[in-house]
Amino acid sequence: MICKLSRLVVCSCILVSGLAVSLAAQPAEELLPSTTKGLFIVANLSTLEDHFNASEFGKLSNDPTMKAFVDDFRAQIHKNGARKLEKLGLTLEELEGVPGGEIALATTFQAASKERGTLAVASQILLVDVTGKNKQATALLSKIDANLKKQGAKQTSAANSPITVFTLPREEGERQDRIAAYFLDGDLLAAADDVNVLTEIRKAVGKGRGDSIKTLVAYDKVMSRCKSEAGSLAPDFRWYVDPFGFIDARHLQMPAALRRAGPDKATIFRKQGFSAVQAMGGYVNFKTEKYEFLHRTAIYAPRDPAAKGNDKYALAANMLSFSNSANLAPEKFIPRDLANYTTFNCDLLKAFDSSESLVDAVVGEKGVFRDIIAGIRDDAKGPMVDLRKEIISKLGQRCTVVADYVTPIDAKCERKAFIVEIPAANVATVGKAIDRLFGRDKDVRIHNYQGIKIYEIIEPGSGVQATPASLSMPTIQMGGTNFTPVQHADLKRPVNDDNGRLLKNAAICLVNNRLYLASHVEFLKKLTNELPPENQLTGADDLNLVNQELAALGAKECSFRIFTRTDEAYRPTYELIRMGKMPESETMFASMLNSMFDEGKEGVLRPQRIDGKNLPEYDMARRYFGPAGHYITTETDGWYASGFTIGNNAKK
C-alpha cells in the first residue's frame, strides 16, 4: 500500500489527467508530440519519495497525529479518482510496483482545422519506464483487460495488434466513444485515450520524432533556463505548461453541462494579448542540503509582434510591466509581526491605461471603461476627480502587499493591505483627489486616527453606519465612490451591480508619502503607527536568513521579492479546513485552492472536498512550517523566478 504523501501527489496527478501509463528509458521528451500542452515528469519515484519524506512536509505527513487525516485524504483520492481510472481498467494499487524509472503524464491539444476538416482533439498520455519491472508490467496489462471488460468495454483491436484498444460504453451526454488504449514495447508502457497519438508515440520508440516537444522553442527556453540555474542538482520532478493550450484541452474534456455560456475568461485574456505568455515550467526539489522545498521557474513571454511602438505586449497584456531593482529591502514602516510581505516594481500608469480594453471585454461593451472614468471626472453630482491625471499618474512604482490575520479564525480573518509610494511633489495633489473621491461618499465612514484621515468604505447592507453624506450621490459604484457615468449608447449590461463593486469593506489613507489601501481599518491603523527598530520587519532574523538565501540563488536586481512565514500564513486555511469552511474562505492561500477545485458553477459555493475533521490542532502542525522566500526577475523574453522553504528554526 502507498502510504507516503509523495506517492499521493503523483497518484493525484494521474487521477487529474485521467490516464494510466508508464514511461520508457527513452526520454518522454523524445516521444511526446509538439502538441503537448502540459507535462509532468518524475525522474525516479523512489528518489522523489525519499526526498519528500526527509523534508519537513514529509515528516508532517508521517506524523502519527496526521494518520487519520492522511488516511481520509487517501480514501477521498480513491473515491474521486476511481471512476476515471476504472475507465482505463486500473486501480492505484495495481499500478504500484510497476515503474522502474521515469514517469511522464502529458496533455495534448490539436486545434480544429477547416482546411483539413478536422475537429479539435485533446488527449491524455501516461508513459512509464518499466525497466527491470517487465514481469509486473505484463501482469498489469492482464488486469487492465479484465477490468475494462467488467465495465462493458469491447476490445476493438486485433488480437495480434501492437496496440490494444478498448471502446467503452458512452455515458449520458457523450457524443463520441471513449477509448482506452495501451502498449508495452520493451521497457516502455504507454497508455492514452487517443489511438492516433499513441500510434505516433510507438513509431517514435527507439528513433525519436521530428515533431517532438523538444523541437518547441518555448519548451527549450523554459527548460534550458531552469537547467542553467540548477546546475548539477537534478530535479525531483519538472513540469511544463502552455497555459492557453492547456486550458483549451481541459475545456474540451470538460462535460458540456459544466461549461460556462458565452466567452470564457481564457478567451478574453487571450484576445487581450496575454497569449504572449507562451509557456511556463520549472524544476522542483524536496530536501536539498539547505532547503525543505526549492523551485526554479521560467516563464517564456517574448515581445508580441502585435505590440505597438515601444510596448512589449499588446492591449491589456501591457499591464505586465515590472522593472528590476537592486533596492527592494523592506521599508522601515513595515511591522515585524506579519505573515506575508511582498514588494515589487510596477508601472501603475501603464497598467491603468492597459486595463481599458480588458474592462470593456469583460463587461462586453466597448467604451465602458472610458465612460466610467468620465463619469467620475465630469458628473457635477459626483466627486469630479480625474483618476488618471490626479491619482494614477502621480503614484510611484514601488508597491508593497502585506498580510496578517486575527483570531478567532473565520472566512474573513486574513487582513491584507496594498501600499504604494508617492513622490513628495505629488502628495498634495493625490491627497486632495482622494478627499474628493471619498470624503462625501454616503458609504464611507471617516476616521481621524492620530491626525491621519482614514476613509473606511462600508459594504452596503452590512449594517455599519457610515458618515452622513452632505450630497445625494448617484447609485453606480467604483471602489466605493458613487457617480453617474456618461451613458454609452450601446451599453446594454447593467453597471450598478454591487457584485461588481471593486472595493467592499476597505480602508484608505495617505500618510508619509504613501497611499494605503487595506481590507480592515484596524490593520491600516497598525500599518501607519510609528515603529521602533525592534518592531520593524527589517531586523527580523528569519527575514535576514531568507534574504541571504535569496541572494545565494541569484536575487540581485529583481522585480518581486516575497517573504512568507508559512507557520503563520497557513494557519487560517488550515483552521478553516478543520471547520469545513475552506470554500468560503477569502485568504490568499485558500483562494488558490478554491480556484483549483472550482466546479464552474457561477454563484454556487462548492462543497469542501477535503475532509478536515481529523486534522490535529494547528500547534502540532505549525512546527513543520518554516520561513519561505521567493523572487522574480524580469528578463528580455519573460520572467525567471526561484524560491524555497527552510526549516522552522529561525527567530522572528
Side-chain angles (χ1 to χ4, degrees), residues 4-13 40-63 66 70 73 222-223 225-227 229-241 280-299 339-342 542-543 545-555 558 560-571 573-574 588-590 592-593 596 618 621-633 639-650 652:
K4 304 290 192 289
L5 192 55
S6 57
R7 289 202 178 240
L8 291 178
V9 172
V10 174
C11 291
S12 297
C13 295
F40 179 88
I41 299 178
V42 177
N44 186 290
L45 186 59
S46 295
T47 300
L48 169 61
E49 183 179 73
D50 290 343
H51 289 173
F52 178 82
N53 287 332
S55 73
E56 291 297 300
F57 302 105
K59 292 175 183 177
L60 172 62
S61 70
N62 292 317
D63 191 298
M66 292 289 292
V70 171
F73 184 61
V222 165
M223 289 301 163
R225 184 70 181 89
C226 294
K227 185 176 181 179
E229 293 291 335
S232 60
L233 180 63
D236 288 328
F237 69 83
R238 50 198 173 99
W239 62 279
Y240 166 83
V241 171
M280 56 184 68
Y283 282 21
V284 177
N285 292 87
F286 288 104
K287 197 53 181 177
T288 68
E289 181 179 352
K290 292 183 177 181
Y291 312 119
E292 306 302 315
F293 169 84
L294 171 66
H295 80 88
R296 292 182 169 90
T297 303
I299 302 173
N340 181 271
Y341 169 82
T342 299
D542 52 353
L543 170 74
L545 177 58
V546 164
N547 283 339
Q548 292 174 16
E549 296 301 334
L550 286 175
L553 286 176
C558 47
F560 288 75
R561 290 181 75 99
I562 303 168
F563 168 68
T564 303
R565 291 182 172 122
T566 62
D567 61 334
E568 298 291 348
Y570 294 167
R571 183 183 176 188
T573 300
Y574 185 98
M588 289 187 286
F589 185 60
M592 289 189 291
L593 292 177
M596 291 170 59
Y618 186 67
R622 75 181 305 155
R623 68 181 185 268
Y624 294 103
F625 301 137
H630 307 267
Y631 78 92
I632 302 174
T633 297
W639 299 271
Y640 174 77
S642 186
F644 57 85
T645 301
I646 52 182
N648 193 10
N649 53 11
K652 297 178 182 178

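Both backbone and side-chain heavy atoms feed into the values below; hydrogens, waters and symmetry mates do not.
Between Arg296 and Cys226, the shortest heavy-atom distance links the atoms O-SG, 3.4 Å. Nearest heavy atoms, Ala641 versus Ile632: CB-CG1, 3.8 Å. Taking each heavy atom of Thr297 and Tyr640 in turn, the nearest pair found is O-CD1, 3.3 Å. Nearest heavy-atom pair across Thr564 and Ala569 is CG2-CB, 3.6 Å. Nearest heavy atoms, Ala43 versus Pro235: CB-O, 4.5 Å. Closest approach of Thr47 and Asn44 over heavy atoms only: N-OD1, 2.9 Å.
Among residues two or more places apart in sequence or in another chain, the side chain to side chain donor-acceptor pair (under 3.5 Å) test is passed with Trp239 by none. Residues passing the side chain to side chain contact (heavy atoms under 4.5 Å, CB included) test with Ser55, sequence neighbours excluded: Phe52, Phe57, Phe286, Lys287, Glu292. Taking Tyr624 as the reference, Asp63 meet the side chain to side chain donor-acceptor pair (under 3.5 Å) condition, with sequence neighbours excluded.
A 4.5 Å side-chain heavy-atom check between Leu294 and Ser642 finds at least one atom pair inside the cut-off. Side-chain contact between Thr566 and Phe293: absent, with no pair of heavy atoms (C-beta onward) separated by less than 4.5 Å. Side-chain contact between Ile562 and Asn340: present, with at least one pair of heavy atoms (C-beta onward) separated by less than 4.5 Å. For the pair Asp542 and Arg565, the minimum side-chain heavy-atom distance is below 4.5 Å. Using a 4.5 Å cut-off on side-chain heavy atoms (C-beta onward), Cys558 and Thr633 make contact. In this structure, Leu48 and Phe237 have side chains that are in contact, with non-hydrogen atoms separated by less than 4.5 Å.
Here Thr645 contributes atom OG1 and His295 contributes atom NE2; the two are 8.5 Å apart, rounded to the nearest 0.5 Å. Distance CD1/Ile646 to CD/Glu549: 6.5 Å, rounded to 0.5 Å. The NZ atom of Lys290 sits 7.5 Å away from the CG atom of Leu553 when rounded to the nearest 0.5 Å. In this structure, Phe625 CZ and Tyr570 OH are separated by 7.0 Å, a value rounded to the nearest 0.5 Å. Leu543 CG to Phe563 CZ: the interatomic distance, rounded to the nearest 0.5 Å, is 5.0 Å.
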*What's the verdict on side chain to side chain contact (heavy atoms under 4.5 Å, CB included) for His630 and Phe560, showing C-alpha distance, side-chain angles and the deciding distance?*
CA-CA 8 Å; His630 307 267; Phe560 288 75; over 6 Å; no

*Please report the C-alpha distance between Tyr240 and Ile41 in whole Å, then the side-chain angles of each, then the deciding distance to 0.1 Å, and finally whether the side chain to side chain contact (heavy atoms under 4.5 Å, CB included) criterion is met.*
CA-CA 9 Å; Tyr240 166 83; Ile41 299 178; over 6 Å; no

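The local environment of NZ in Lys59 is crowded, with over 12 non-hydrogen atoms from other residues, nucleotides or ligands closer than 6.0 Å.
With Ser61 contributing its side chain and Gly58 its backbone, the two residues share a donor-acceptor pair below 3.5 Å. Asp567 places no side-chain N or O within 3.5 Å of a backbone atom of Arg623 that could act as its donor or acceptor partner.
Side-chain contact, Asn547 with Arg561: a donor N or O sits under 3.5 Å from an acceptor N or O.
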